[in-house]
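Since the structure comes first, as structure tokens, the remarks are kept for the end.
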Amino acid sequence: MLIVQKYGGTSVADLEKIRKVAQRVARYKDQGHDLVVVVSAMAGETDRLLSLAYEITPEPAPRELDMLVATGEQVTSALLSITLQAQGYPAEALLGYQIPIYTDELFTRARIQEIPTERLRKGLSQGKIIVVAGFQGITPEGDITTLGRGGSDTTAVALAAALRADLCEIFTDVEGVYTADPRIVSQACKIPRLSYEEMLELASAGAKVLDIRAVELAMVYKVPVHVRSTFSEAPGTIITEEDEEMEKVLVSGVTYNRNEARISLYGVPDQPGVAAKIFGPIAERGILVDMIIQTGRPDGKADLTFTVPRTTLREALKLVEEVAQKIGAERVESSEAISKVSIVGAGMRTHAGVASKMFETLARHGVNIMMISTSEIKVSCVIDEKYTELAVRALHEAFGLDQPPQEEK
Ligand code: ADP
Ligand code: ASP
Ligand code: MG
């Protein structure tokens, strides 16, 4: 089989852990598999590098930021390759530009456009284990880009898709995808199987165990993904196409996202074309707007509130303030002290009353809901950030997800 594996930051946090990873990779090689191994930077390294840049200035240039943070993965890919070679295995480390992984020019959140596979295939055909620096790419002009935080998952799935690999294994510090973040809900259970669609909703609702774009790519190219632990042999979570069993589950997970911020525009002229003027420039910068609420007012104007990733708040706010002035809006406000809690499950499609149960549960715990959005299989509520953990635990319990499963009946 051709397998693409990805090892996250905690899995390659020091030389001892890298040695363990090399041993696991070697075992697969001994079984006769072809391997492409994607690595993240050592745990904490990306944050450390970013904080150096922000120590110099609050607004470092995105191009240079990418050049800086891409070094984290350069280090681990070289170290893993050296470790494999030291253990007697032929290995070759490749950086994004050497493959090359072509992306657009949206520095710090670039999107992959094309991955020629010649160089990878050549190495594989020579029996080498290919070790790839995750998270990074190159523009056609030759500038280094990165794919956004958590982007090594996307590198792995994109390579699996480009190479038509049989499997993409995501090795991380938990045993799989859980019904809620195990760091917050000690009662969370491992989910054995999930559909691409459910995983997409879980990821977009904040379950950062897998990057959203990785799931999108896996869904489009039908790449089977196995999320599992670097530190155990236990089977993890298989992400694949939906089957009948999956539909029976009403709510498969509860998630939270603290990485959003709210922008509100008050007194916007209620005319055709205004929304386009506001959201056009934001979209052009590649900033993802999540929830949008518009409310009419008796004076014929409207108030508009929406959320963006917290890391892009400064940039989005600047754009919105410019537009607000042009269109004559009354004022612009923003807040970072929000979080979004969501429930996700394929069974919601065919069952009523899930959303109302969520609202009831939050109300019972005195949590006020600021914004609501729904999709076919997800309900999300924006709440005050300080109630995040309380809300997640309450919902996890209310929807019967707490373990241990009641065996005696
Ligand atoms: P890596 O460095 O391996 O990419 P991440 O930190 O990005 O690891 O992702 C793994 C983390 O995701 C876990 O440690 C866990 O705290 C968090 N997480 C959030 N939601 C979930 C969930 N529903 N299931 C499993 N892990 C989750
Ligand atoms: N090192 C990058 C980050 O910390 C990419 C990744 O780990 O997936 O976001
Ligand atoms: Mg990650």
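Order of appearance sets the numbers: ligands from 1, and atoms from 1 within every ligand. The structure presented is a predicted model; accordingly, all values stated were derived computationally and were not measured. Every heavy atom of this structure was used, including side-chain atoms; hydrogens, water molecules and symmetry mates were not. Counting from 1, the numbers follow the sequence of the chain as shown.
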Test of proximity, Gly148 against ligand 2: N or O pairs below 3.5 Å:
no
Ligand 2 contacted by Glu45 (non-hydrogen, < 4.0 Å)
no
Between Thr172 and ligand 1, which part of the residue brings a heavy atom under 4.0 Å of the ligand: side chain, backbone, both or neither?
both
Answer with side chain, backbone, both or neither: which part of Ala180 has a heavy atom less than 4.0 angstrom from an atom of ligand 1?
backbone
Looking at Tyr178, which atoms of ligand 1 are within less than 4.0 Å of one of its heavy atoms?
22 (C), 23 (N), 24 (N), 25 (C)
Is there a heavy atom of Gly151 sitting under 4.0 angstrom from any atom of ligand 2?
yes
Check Gly123 against Ile130 and note the closest heavy-atom contact, atom names and distance.
CA-CD1, 3.8 Å
Check each atom of ligand 1 against the heavy atoms of Asp173 and keep those under 4.0 Å away; list them by number with element.
10 (C), 11 (C), 13 (C), 14 (O)
Counting from 1 in the order shown, the ligand 1 atoms closer than 4.0 Å to a non-hydrogen atom of Val177 are 24 (N)
Side-chain donor-acceptor contact under 3.5 Å, Arg48 with Thr46:
no
Interfacing atoms of ligand 1 (cut-off 4.0 Å, heavy-atom, Gly176)
24 (N), 25 (C)
Taking N or O atoms only and a 3.5 Å limit, does Glu73 qualify as a polar contact for ligand 2?
yes
Trace of the ring-ring contact (aromatic ring centres under 6.0 Å, His included) decision for Phe306 with Phe279
CA-CA 10 Å; Phe306 59 94; Phe279 294 111; 4.8 Å; yes
Selected option - heavy-atom contact closest to atom 7 (O) of ligand 1, from Glu175, Arg149, Lys6, Lys208
Lys208
If you measure from each heavy atom of Gly150 to ligand 1, is any distance below 4.0 Å?
no
Would you call Gly134 a ligand 2 contact, heavy-atom distance under 4.0 Å?
no
Sub-3.5 Å N/O-N/O distance, Asp153 and ligand 2:
no
